[in-house]
Amino acid sequence: MPLYTETDRINRLILMGGYTGMTELQFFAAEIAEWKESKKRKEQLVGEAYYDGYHDILRRKRTVIGEGGKLKEVNNLPNNRLVDNQFALMVDQKTNYLVGKPFTLTCENKTYSDLLAQVFNRQFNRLLKYVCEDALKGGIGWLFPYYGDDGALTFKHFPAHEILPFWADDEHTSLDCAARLYPQEVWNGQSKEIVERVEIFKQDGIWRYEYDGTTLIPDVLLGEHENYFSVEDGEKTIELNWERIPLIPFKYNKQEIPLIRRVKPLQDGINTMLSDFENNMQEDARNTILIIKNYDGVNLDDFRHNLATYGAVKVREDGGVDALTVEINSDNFNSILKLFKDKLIENARGYNAKDDRLGNNPNQMNIQSMYSDIDLDANGMETEFQAAFDDLIWFVNRDFANRGLGDYSDDVTIVFNRDMLMDEGQTIENIKNSVGILSNETLVEQHPWTTDVEMELKRLQKEKEVSIEEYAGAFGNSNDTKSQEGKEV
């Protein structure tokens, strides 16, 4: 049986209109409706919400067994909803580990390298950090290259839950087209409302619509169709399109699995443990379960009211009130909470900055051992991101050609400078021991205090030249002195 790609499926559904009665717009509307309710997109939205601190624990209700054995919500018990956002910590940790420092771009063509450095500047480094966060939260992040109002090539990121891709291959490396669904707040008369808009990225440009839940309606404000960019030729404007769909996927992993899938039960467990611990600590005689003996009254509502108001209750001579409580062992609580956090870090493939290996003997081997999991995960991310950079540089090269800056096809190497703790003393000692074995450029590049290798090499060369001049000057003055002394004699 043949394997069909997304492109084959689109073509079959659209071209078989005589059988399905479905137009292209109807096809996209149906796909968007199905995707909106899909498990994959809901998981992406959960990842976004959990990063922002909106966890399931915030909707938790206290319940008791009611009539017929069914659970019934009660409002007279402590119901704390505490969030200890370890998931956001892992996202930030992995993002800053991989792209927290500016990446290194290497190219033999100096002119080309300088042009790329102007594109991949500090603003782009910040944007890359956002894309990395999107990839961790949703399994995949998207970068959109476009020309801004000033005519310069710029970039925008889209989170995973906004983009419905239609892949041209089974490996999800090439796009046939894509739809972007996003909400927009607009004024309707004297009130605001949320309108869902759709942008369809196709080979012939962007097509814009409003989405009412079932139908795609052409956008009358921005226009239904727009080419990706235009150029001015005298008094005439020429509309042009890229040869590729200008959406570049940055994947967390090959399967596009978001980080939340690995850690959500553990994150929920941490929140539940903390909330239950505070609930148990707050339960006292005014709100806990009570055992009443020979109460001097008949109405239990009055009993609760008097207890809450006066902190006392009247009983008969041989009566009493005992509280049915659960003993809280803080040591057990701390042990279970630590276990949850350790397992969350392990499943997230992160590291514990408070690891015991950093206590007594924080040498480089212990540091590398602590970073082993996050380093392995970063290796996979770096492979995916480097492939994405190849696609991105294709658009940058086309931009250079469009602006008459040159037609470049040189090899470019992108190296991500990971933000790892380091035993600087041991590293510097190893560099000193490698003098004469490795080149000065390699040694300077590996030094922990180096920020710009080329600049540092220039400084070393300048210092060397100054030292030679000073030595030559001193040697010349010494000869002159001896000569003068000889004449006097």
Side-chain angles (χ1 to χ4, degrees), residues 41 44 47-48 51 91 94-96 98-105 115-169 171-182 198-203 205-206 226 228-229 241-254 256 258-259 378 380-400 402 412-416:
R41 184 171 184 269
Q44 293 168 346
E48 192 80 29
Y51 182 81
V91 171
K94 296 166 82 66
T95 297
N96 287 295
L98 184 62
V99 298
K101 291 183 176 181
F103 58 85
T104 301
L105 186 149
L115 288 173
L116 289 174
Q118 294 175 20
V119 175
F120 300 131
N121 51 24
R122 293 180 180 177
Q123 287 74 23
F124 183 85
N125 286 328
R126 180 179 61 184
L127 181 64
L128 182 62
K129 182 180 178 182
Y130 300 158
V131 174
C132 188
E133 289 178 0
D134 292 338
L136 288 165
K137 291 184 285 187
I140 186 171
W142 297 90
L143 200 63
F144 172 52
Y146 69 100
Y147 284 100
D149 295 335
D150 59 354
L153 184 68
T154 186
F155 307 95
K156 185 177 182 179
H157 75 104
F158 297 138
H161 61 82
E162 286 190 2
I163 301 295
L164 168 60
F166 296 91
W167 299 102
D169 61 336
E171 287 77 23
H172 291 193
T173 60
S174 177
L175 279 175
D176 183 75
C177 62
R180 179 192 175 210
L181 174 70
Y182 65 99
V198 170
E199 295 175 344
I200 300 178
F201 298 84
K202 298 167 64 176
Q203 205 71 47
I206 302 178
E226 181 183 8
Y228 289 118
F229 62 96
N241 290 306
W242 300 103
E243 297 173 21
R244 301 181 183 180
I245 303 297
L247 278 175
I248 302 164
F250 284 74
K251 299 181 182 180
Y252 173 33
N253 49 56
K254 176 181 179 295
E256 301 165 22
L259 183 62
M381 287 188 71
E382 185 169 349
T383 300
E384 297 291 343
F385 278 32
Q386 285 176 339
F389 261 96
D390 287 343
D391 295 335
L392 177 59
I393 289 175
W394 183 91
F395 288 95
V396 175
N397 288 342
R398 291 300 179 273
D399 171 60
F400 291 162
N402 292 340
V412 178
T413 302
I414 302 293
V415 177
F416 294 98

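The residues of the chain are indexed from 1 along the displayed sequence.
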*With rounding to the nearest 0.5 Å, note down the distance linking NZ in Lys202 to CG in Asp176.*
9.5 Å
*If you measure from CZ on Phe144 to CZ on Phe155, what distance do you get to the nearest 0.5 Å?*
11.0 Å
*Can you find a heavy atom in the side chain of Pro246 that is under 4.5 Å from one in the side chain of Phe229?*
no
*Between Met381 and Phe250, is any pair of side-chain heavy atoms under 4.5 Å apart?*
no
*Between Phe124 and Val119, which heavy-atom pair has the shortest distance, and what is it?*
CB-O, 3.8 Å
*Taking side chain as C-beta onward, heavy atoms only, is Leu143 less than 4.5 Å from Lys156?*
no
*Are Phe389 and Val412 close enough that some pair of their side-chain heavy atoms sits under 4.5 Å apart?*
no
*Under a 4.5 Å cut-off applied to non-hydrogen side-chain atoms, are Tyr51 and Glu133 in contact?*
yes
*asked:* Does any part of the side chain of Thr104, heavy atoms only, come nearer than 4.5 Å to the side chain of Ile414, both counted from C-beta?
replied: no
*Evaluate side chain to side chain contact (heavy atoms under 4.5 Å, CB included) for Gln386 paired with Phe416, printing each intermediate quantity in order.*
CA-CA 9 Å; Gln386 285 176 339; Phe416 294 98; 4.1 Å; yes
_Quick one, Trp142 and Glu162 - any side-chain contact, counting heavy atoms below 4.5 Å?_
no
_If you compare all heavy atoms of Ala160 against all heavy atoms of Gly138, which two are closest, and at what distance to 0.1 Å?_
CB-O, 3.7 Å
_Straight-line distance of Ile206 CD1 to Ile245 CD1, nearest 0.5 Å_ = 10.0 Å
_Just to verify, what does Arg41 make a salt bridge (charged side-chain N to carboxylate O under 4.0 Å, His left out) with, not counting sequence neighbours?_
none
*Take Asp399 and Phe395 through the test side chain to side chain contact (heavy atoms under 4.5 Å, CB included) and record every step on the way to the result.*
CA-CA 6 Å; Asp399 171 60; Phe395 288 95; over 6 Å; no
*asked:* To the nearest 0.5 Å, what is the distance between CG on Leu181 and CG on Leu164?
replied: 9.0 Å
*Leu259 and Lys94: side chain to side chain contact (heavy atoms under 4.5 Å, CB included), yes or no, with the steps?*
CA-CA 10 Å; Leu259 183 62; Lys94 296 166 82 66; 4.1 Å; yes
*Would you give the length of the straight line joining atom OH of Tyr182 to atom NE2 of His161, rounded to the nearest 0.5 angstrom?*
14.0 Å
*Flag the pair Tyr147 / Asn402 as yes when at least one side-chain heavy-atom distance between them is below 4.5 Å, and no otherwise.*
yes
*asked:* Over 60° means perpendicular and under 30° means parallel, so tell me whether Phe158 and Phe201 are parallel, tilted or perpendicular.
replied: tilted
*Within the distance-only criterion (no hydrogens, no angle test), does the side chain of Asn121 pair as donor or acceptor with the backbone N or O of Gln118 below 3.5 angstrom?*
yes
*Kindly give the heavy-atom pair with the smallest separation between Asp134 and His157, and that separation in Å.*
OD2-ND1, 2.7 Å
*Arg244 to Trp394, cation-pi by 6.0 Å centre distance and 45° axis angle*: yes
*Is Glu199 reaching over with its side chain to a backbone N or O of Ala179, donor-acceptor style, under 3.5 angstrom?*
no
*Got a donor-acceptor contact below 3.5 angstrom from the Asn125 side chain to the Pro102 backbone?*
no
*So which heavy atom on Leu128 is nearest to which on Val99, and how close?*
CD2-CG1, 3.9 Å
*Please report the closest heavy-atom contact between Asp169 and Ser174, naming both atoms and the distance.*
OD1-N, 3.2 Å
*Quick check: are there more than 12 heavy atoms from other residues, nucleotides or ligands sitting under 6.0 Å from CG of Asp150?*
yes
*Separation of Asp391 CG from Leu247 CG (nearest 0.5 Å)*: 11.5 Å
*Could you check Lys251, Lys254, Glu256 and say which one makes a side chain to side chain donor-acceptor pair (under 3.5 Å) with His172?*
Glu256
_Which atom of Gly148 lies closest to which atom of Thr154, heavy atoms considered_ = N-CG2, 3.9 Å
